[in-house]
Amino acid sequence: MTASQDALDLEERSSGATDSRRWFALGVIAMAQLMVVLDATIVTIAMPFAQKDLHISDGDKQWMLTAYTLIFGGLLLLGGRLADYLGRRRILMIGLVGFAGASALAGLAQSSTELFAGRALQGAFGALLAPAALSLVSVTFTEAKERARAFGVFAGVSAGGAAIGLIAGGALTEFANWRWSLLVNTPIALLALIGAFVFVIKDVPAPRTGGYDLPGAVTVTLGLISIVYGFSRAASDGWTASTTLGLLIAGVALLVAFVAIERRSANPLLPLRIPGEINRGGSYLVALLVPIAMFAMFLNLSFYLQITQHYSALKAGVSFLPFPAGIAISAGVASALLPRIGPRPLMLAGSVLGAAGLLWLSRLEYGDSYASSLLPAMLLIALGMGGLFVSMQTTALHQVEAEDSGVASALLNAAQQVGGSIGTALLTTISVQVADRYARNNATVDHLMERAAIHSYDIAFLIGAGFFLLCIPIVAFMIRDKPQNLLEGSEVVHVGV
């Protein structure tokens, strides 16, 4: 046998091994993404128990959520660029080790300071995990049908993770202890770390022609933190409070400065060509709007089920089970249809179904049953979300070169994070004001507080439906690519031994 035949044989065996390993790798990547997504909601049901055990004041309890979302949102773009420059697999593994340790610190916390520090560290390592995971999907699966299927799995995890977090948080709080809503991440992260070492193929980092874009990294990190924190303060202090306005103005100013820096930088943190392409730009706008609408459902239904309907933690969590189930079905269908019909029809259908589901929820009245009022609406939203997320995540990485896949993935996550922060602040503020107004104007009504709360939820659902409807013209005018072009054009990643 000649040397050339030996080399050809080795290449064929390597190709076969790579083909079988990448589907196992997808399972590992999806596990990492699930931890990041569900960790934003898994502590929601556990919060009252943690507050009581650690003697956390009402004014400080929000930091159990805010410490995570603030750091996570602020560091995403930097995390994405580190994945491009240092290697996506390497950053994924660093993120898993850090996430395991941070989860243990938060779960074993003996004071509010330790708990908040652990949550902040979870956010920091989550900012490494999220862009590394999505970019690994992009560069690992390059054949059109397989890529659509892989994005279907990833999108299902991303869209359903928040609901899964509520279910898991309810079960762990009911049958174990609130601490396990945090500690459960440690063994999962370590298991994913072993899987990443075995199955995820090493990628070759993007070559750097210059140094790091430190001015860009500082301005965008501070800008995103300021905006996310500003919206968090709006929920508690009001929109016109000096702290809220100051944070939001500072955040916008820093992001404007960031754009100016990126236009002049020889080695930008975020090349402006990434959001500048029309399909990707449309996808990032949808990624900003959809979480606002989604929080209209998750946040208010959580309050409705536990406070108004007096569901237990477990029952409230299980009530969300149709959502991830519906997403799993619709994401599978969407991944099969995407290479045939392209992203625009799927994103339009998803937006319409999401709006229809929230409009259905907005008719909720006192005494309505779960089966007739909540279940059909949740299924409509879930069926829309599967196609919307599969298409959105695919177009967000539309024809992105491998060396930019990390930062493109991070930009998608950052848009979703800012959207979620806007949704939390906007809808919480509006719900409180609407409930107070209803109570003042209907003081003689039976079950006044329950009816006032339901009325405020209905208004939030209506507003959420409006954000879904706003996605329709964006998709119609900006998502233009044809099916045959959508999944092509991404540079195949180089792998190492």
Side-chain angles (χ1 to χ4, degrees), residues 34 37-38 41 44-45 152-171 286 289-306 308-309 311 314-338 345-365 367-393 420 423 427 454 457-458 460-469 471-472 475:
L34 180 61
V37 176
L38 68 79
T41 58
T44 302
I45 293 175
V153 172
F154 195 87
V157 168
S158 299
I164 294 171
L166 292 170
I167 297 167
V286 171
L289 296 174
V290 166
I292 301 176
M294 295 300 294
F295 270 84
M297 186 192 75
F298 284 124
L299 188 65
N300 290 287
L301 279 187
S302 296
F303 284 118
Y304 172 75
L305 292 171
Q306 291 188 86
T308 307
Q309 295 292 85
Y311 280 21
L314 177 61
K315 189 176 180 181
V318 171
S319 298
F320 284 97
L321 190 57
F323 194 76
I327 284 176
I329 294 169
S330 60
V333 173
S335 64
L337 291 176
L338 183 62
L346 293 172
M347 293 178 78
L348 288 173
S351 300
V352 170
L353 286 171
L358 282 170
L359 287 172
W360 188 309
L361 280 177
S362 72
R363 298 168 59 247
L364 188 66
E365 296 180 357
D368 284 350
S369 71
Y370 173 86
S372 64
S373 298
L374 269 63
L375 181 59
M378 290 174 68
L379 287 174
L380 278 174
I381 298 169
L383 292 174
M385 286 301 90
L388 191 56
F389 267 71
V390 169
S391 305
M392 180 181 75
Q393 290 182 342
L427 297 171
I454 292 172
Y457 304 150
D458 288 345
F461 296 143
L462 274 174
I463 295 170
F467 283 104
F468 268 123
L469 293 173
C471 292
I472 294 174
V475 172

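If you're wondering where the values come from, they're calculated on a predicted model, not measured in any experiment.
Closest of all the heavy-atom pairs between L338 and S391 is CD1-OG, 3.9 Å. Residue G387 comes nearest to A334 through the heavy atom pair CA-CB, 3.5 Å, listed as atom of the first residue, atom of the second, then distance. Residues I381 and G354 approach most closely at CG1-O, 3.9 Å, considering heavy atoms. Closest approach of S351 to C471, counting heavy atoms only: OG-CB, 3.5 Å. When all heavy atoms of D458 and L364 are compared, the pair lying nearest together is OD2-O, 2.6 Å. The minimum heavy-atom distance linking P376 with A371 is given by the pair CD-O, 3.2 Å.
The distance from atom CG of L427 to atom OH of Y457, rounded to the nearest 0.5 Å, is 12.5 Å. For the atom pair CE of M294 and CE of M385, the computed distance is 5.5 Å after rounding to the nearest 0.5 Å. Put simply, CG on L361 and CG on D368 are 10.5 Å apart, with the number rounded to the nearest 0.5 Å. For the atom pair CG of N300 and OG of S362, the computed distance is 12.0 Å after rounding to the nearest 0.5 Å.
Qualifying side chain to side chain contact (heavy atoms under 4.5 Å, CB included) partners for L380, counting only residues two or more places apart in sequence or in other chains: L353, A356, W360. Applying the side chain to side chain contact (heavy atoms under 4.5 Å, CB included) rule to A293 yields the partners L358, F467, F468; only residues at least two apart in sequence or on another chain are considered. Applying the ring pair (Phe, Tyr, Trp, His ring centres under 6.0 Å) rule to F320 yields the partners F298; only residues at least two apart in sequence or on another chain are considered.
Using modelled atom types, no side-chain atom of S373 and backbone atom of Y370 make a donor-acceptor pair closer than 3.5 Å.
Contact check for V290 versus F389: side-chain heavy atoms found under the 4.5 Å cut-off.
With S330 as the fixed residue, the side-chain contact (heavy atoms from CB on, under 4.5 Å) test singles out one of L388, L379, L346, L383: L383.
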